Participant: 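First, the structure itself, so that you have it in front of you.
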Number of protein chains: 2
Amino acid sequence: MRLTTRGRYAVTAMLDLALHGADGPISLADISRRQEISLSYLEQLFAKLRQNDLVSSVRGPGGGYRLARGGELINVAEIIDAVNESIDATSCSGKGNCQSGGVCLTHYLWDDLSQQIHRFLSGITLDGLVHQQEVQRVVLRQAEESDSASC
Amino acid sequence: MRLTTRGRYAVTAMLDLALHGADGPISLADISRRQEISLSYLEQLFAKLRQNDLVSSVRGPGGGYRLARGGELINVAEIIDAVNESIDATSCSGKGNCQSGGVCLTHYLWDDLSQQIHRFLSGITLDGLVHQQEVQRVVLRQAEESDSASC
DNA sequence: GTTAAAACCTACTAAATAAGTATGTTATTT
DNA sequence: AAATAACATACTTATTTAGTAGGTTTTAAC
């Protein structure tokens with residue numbers, strides 16, 4: 001199983017969209033500034049997010065990205081899937097050929113674990129995150145930081 | 001979060017010990033053969049397992065490893081921890097300094113996820129695995145394979 | 001219509017980590 | 001004394017991630 005910066009960045013960026021995208025598209029430059037993620041890297045991630053119909057884009061000045069559907073219809077598991085981080089914890093990617101054609105001793109353990117994780121992450125929507133107190137606190141802090149930066 | 005071959009190998013090897021270690025220590029050479037894991041790699045893993053008091057060793061001919069306690073007292077989470085695969089899914093290793101000293105937007109999400117995974121894996125003991133039907137089936141298959149190999 | 005902002009695209013590089021190999025030394029039983 | 005197996009360390013290779021560089025295309029605004 002892999003869960004690294006890539007998946008975390010993708011979820012963070014999507015959450016940023018959910019938080020700030022209410023009136024009009026958000027540019028990757030904005031997200032890059034607020035979330036401290038390299039612009040080029042964001043571009044790569046958003047290419048995948050777009051391919052997977054999680055965001056739609058508007059080109060040209062004033063353009064950017066918006067969520068392809070409401071934040072209550074997008075869950076964290078599909079974001080991570082989109083950027084190619086498999087949540088699967090088995091070594092055989094669920095195929096069951098981990099030891100000489102058959103399953104290895106611990107295949108079912110990792111399979112169960114994968115399902116647990118997937119269930120947990122599918123149950124969390126962007127809207128769900130937006131409404132969490134802890135997230136709101138971070139949003140406020142980020143707003144202050146950008147204020148002081150502009151002085 | 002990392003969950004790769006290292007952690008999987010460690011759990012598989014420990015389960016092999018739980019399955020075959022009833023009367024006397026098991027050599028890494030045996031485990032290597034049955035579970036198709038390189039001997040040298042097993043030695044590295046068992047160094048860590050020993051440091052973490054999960055196995056005890058007997059040197060010399062006829063020697064090998066045995067579980068340091070009963071299989072009902074060893075859970076999967078501690079095995080994975082022992083071989084240095086952190087189950088933590090945050091980028092800051094739980095420290096909460098992921099964005100300019102504070103927590104990042106998704107810190108609590110990954111923190112929750114880490115706890116979920118840890119709870120799941122701590123709930124599974126070696127004994128629990130030993131008694132699973134699916135595991136028993138694999139054990140039978142491995143026994144057949146070693147029979148046909150010795151002909 | 002020019003300019004500038006932004007998406008979009010592709011290839012490359014560097015760093016980190018995992019996986020595996022090699023080559024021993026030491027303890028202990030037979 | 002010989003063989004077995006733990007114990008130890010250093011090294012190599014492969015893979016993956018993270019990030020960079022250098023473009024092109026589209027389109028709104030001036």
Side-chain angles (χ1 to χ4, degrees), chain A residues 1-10 12-13 17 20-21 24-33 35-68 80 83-86 88-89 91 93 98, chain B residues 1-10 12-13 16-17 20-21 24-68 80 83-86 88-89 91 93 98:
Chain A
M1 167 179 23
R2 291 169 287 171
L3 220 175
T4 66
T5 352
R6 173 136 83 238
R8 283 192 293 255
Y9 279 176
T12 301
L17 268 193
H20 301 101
I26 301 292
S27 73
L28 294 188
D30 282 351
I31 300 180
S32 168
R33 206 172 310 120
Q35 308 306 332
E36 301 176 2
I37 305 172
S38 116
L39 179 59
S40 278
Y41 206 42
L42 276 176
E43 286 178 334
Q44 289 175 44
L45 296 177
F46 272 77
K48 303 224 172 191
L49 294 173
R50 208 173 66 96
Q51 284 162 27
N52 286 271
D53 287 313
L54 290 172
V55 296
S56 63
S57 65
V58 179
R59 302 183 72 159
Y65 289 91
R66 50 167 57 110
L67 298 180
I80 293 176
V83 295
N84 270 2
E85 290 210 310
S86 169
D88 195 291
S91 61
S93 313
C98 8
Chain B
M1 168 178 25
R2 291 168 287 172
L3 221 175
T4 66
T5 350
R6 172 135 85 238
R8 283 191 293 254
Y9 280 175
T12 302
D16 187 278
L17 268 193
H20 301 101
I26 301 292
S27 72
L28 294 188
D30 281 353
I31 301 180
S32 169
R33 205 172 309 118
R34 271 194 295 264
Q35 308 306 334
E36 301 176 1
I37 305 173
S38 119
L39 179 58
S40 277
Y41 207 43
L42 276 176
E43 287 179 334
Q44 290 175 43
L45 296 179
F46 273 76
K48 303 221 171 193
L49 294 174
R50 209 173 65 97
Q51 283 161 26
N52 285 271
D53 287 314
L54 290 172
V55 296
S56 62
S57 65
V58 179
R59 301 183 73 156
Y65 289 92
R66 50 167 58 109
L67 297 180
I80 294 176
V83 294
N84 270 1
E85 291 210 308
S86 168
D88 195 291
S91 60
S93 312
C98 8

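Lettering of chains follows the sequences in order, A, B, ..., and the numbering in each one begins at 1. Everything quoted here is computed from the prediction, not taken from an experiment.
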Participant: Do the side-chain N or O atoms of B:Arg50 get closer than 4.0 angstrom to the phosphate oxygens (OP1, OP2) of D:dA6?
Facilitator: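 Indeed not, no polar side-chain atom of B:Arg50 lies that close.
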Participant: What is the distance from atom CG of B:Leu3 to atom CD1 of B:Ile80, rounded to the nearest 0.5 Å?
Facilitator: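 So the CG of B:Leu3 and the CD1 of B:Ile80 are separated by 4.5 Å.
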Participant: Whole Å only: how far is the CG atom of A:Leu45 from the P atom of C:dA7?
Facilitator: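 Taking atom P of C:dA7 as the reference, CG of A:Leu45 is at 13 Å.
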Participant: Need one value for A:Tyr65: base, sugar-phosphate or nothing, where a base atom within 4.0 Å counts as base even if backbone is also close, heavy atoms only.
Facilitator: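 A:Tyr65: backbone/sugar contact only, no base atoms under 4.0 Å.
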Participant: Expressed as a whole number of angstroms, how long is the span from A:Ile26:CD1 to C:dA5:C1'?
Facilitator: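 Rounded to the whole Å, the gap is 15 Å.
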Participant: How many Å lie between CD on A:Gln51 and C1' on C:dC8, as a whole number?
Facilitator: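 These atoms are roughly 11 Å apart.
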Participant: Distance check: side-chain N/O of A:Tyr9 vs OP1/OP2 of D:dT17, anything under 4.0 Å?
Facilitator: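 No.
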Participant: Report which part of the nucleic acid A:Ser57 touches: base, sugar-phosphate, or nothing (heavy-atom distance under 4.0 Å, all strands).
Facilitator: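 Answer is sugar-phosphate: A:Ser57 comes under 4.0 Å of backbone atoms only.
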Participant: Kindly indicate whether the side chain of A:Tyr65, heavy atoms from C-beta on, has any atom under 4.5 Å from the side chain of A:Ser57.
Facilitator: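 Yes, their side chains come closer than 4.5 Å.
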Participant: Within this structure, what is the CZ-to-C1' distance between A:Arg66 and C:dA7, rounded to whole angstrom?
Facilitator: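 My rounded result for the distance is 14 Å.
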Participant: Nearest 0.5 Å, please: how far is CG in B:Leu45 from CG in B:Leu28?
Facilitator: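 It comes to 9.5 Å.
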Participant: Determine: side-chain N/O of B:Arg59 to OP1/OP2 of D:dC7, distance under 4.0 Å, yes or no.
Facilitator: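 No, no such contact exists.
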Participant: Mapping A:Gln44 and A:Leu39 onto DNA chain C by nearest heavy atom, which one lands closer to the 5' end?
Facilitator: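 Nearest nucleotide further toward 5': that of A:Leu39.
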Participant: Categorize B:Ser27 for me: base, sugar-phosphate, or nothing, with a 4.0 angstrom heavy-atom threshold over every strand shown.
Facilitator: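 If one applies the 4.0 Å heavy-atom cut-off, B:Ser27 turns out to touch the sugar-phosphate alone, with no base involved.
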Participant: Please tell me which of A:Tyr41 and A:Gly62 maps to the more 5' nucleotide of DNA chain D, matching each residue to the nucleotide holding its nearest heavy atom.
Facilitator: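 Final value for this comparison: A:Tyr41.
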Participant: Find the distance between CG (B:Leu17) and CZ (B:Phe46) and round it off to the nearest 0.5 Å.
Facilitator: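 Spacing of CG (B:Leu17) from CZ (B:Phe46) equals 4.5 Å.
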